[in-house]
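Since the structure comes first, as structure tokens, the remarks are kept for the end.
Since this is a predicted model, take the numbers as computed values, not measurements.
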Amino acid sequence: MKPFSKVFASLFGSEVFDQETARRRSIHREWDRQRASAMTPSELEEIDAIFSRNL
């Protein structure tokens with residue numbers, strides 16, 4: 001298991017994130033998921049408005 005974790009760490013870096021950075025990344029991931037599932041331009045605008053208020 002050690003070699004796998006070393007490869008993973010080298011691919012994604014060993015950057016340390018604080019909780020605020022982790023929270024923002026989580027919001028952005030969910031924002032992207034919701035945008036991908038939007039059916040109409042108005043849905044997309046609504047999703048953008050909701051998520052942009054949280055940042």
> When rounded to the nearest 0.5 angstrom, what distance separates CH2 in Trp31 from CZ in Arg25?
Replying inline: 15.5 Å
> Rounded to the nearest 0.5 Å, how far apart are CZ of Arg23 and NE2 of His28?
Replying inline: 9.5 Å
> In Å and rounded to the nearest 0.5 Å, what is the CD to CD distance from Gln34 to Glu46?
Replying inline: 11.0 Å
>> Just to verify, what does Thr40 make a side chain to side chain donor-acceptor pair (under 3.5 Å) with, not counting sequence neighbours?
In response: Ser42
>> Could you work out, with side chain to side chain donor-acceptor pair (under 3.5 Å) as the rule, every residue matching Arg33, not counting sequence neighbours?
In response: Glu30
> When rounded to the nearest 0.5 angstrom, what distance separates CD1 in Ile47 from CD1 in Ile50?
Replying inline: 7.0 Å
> Where the side chain of Ser26 meets the backbone of Ala22, is there a donor-acceptor pair that is under 3.5 Å apart?
Replying inline: no
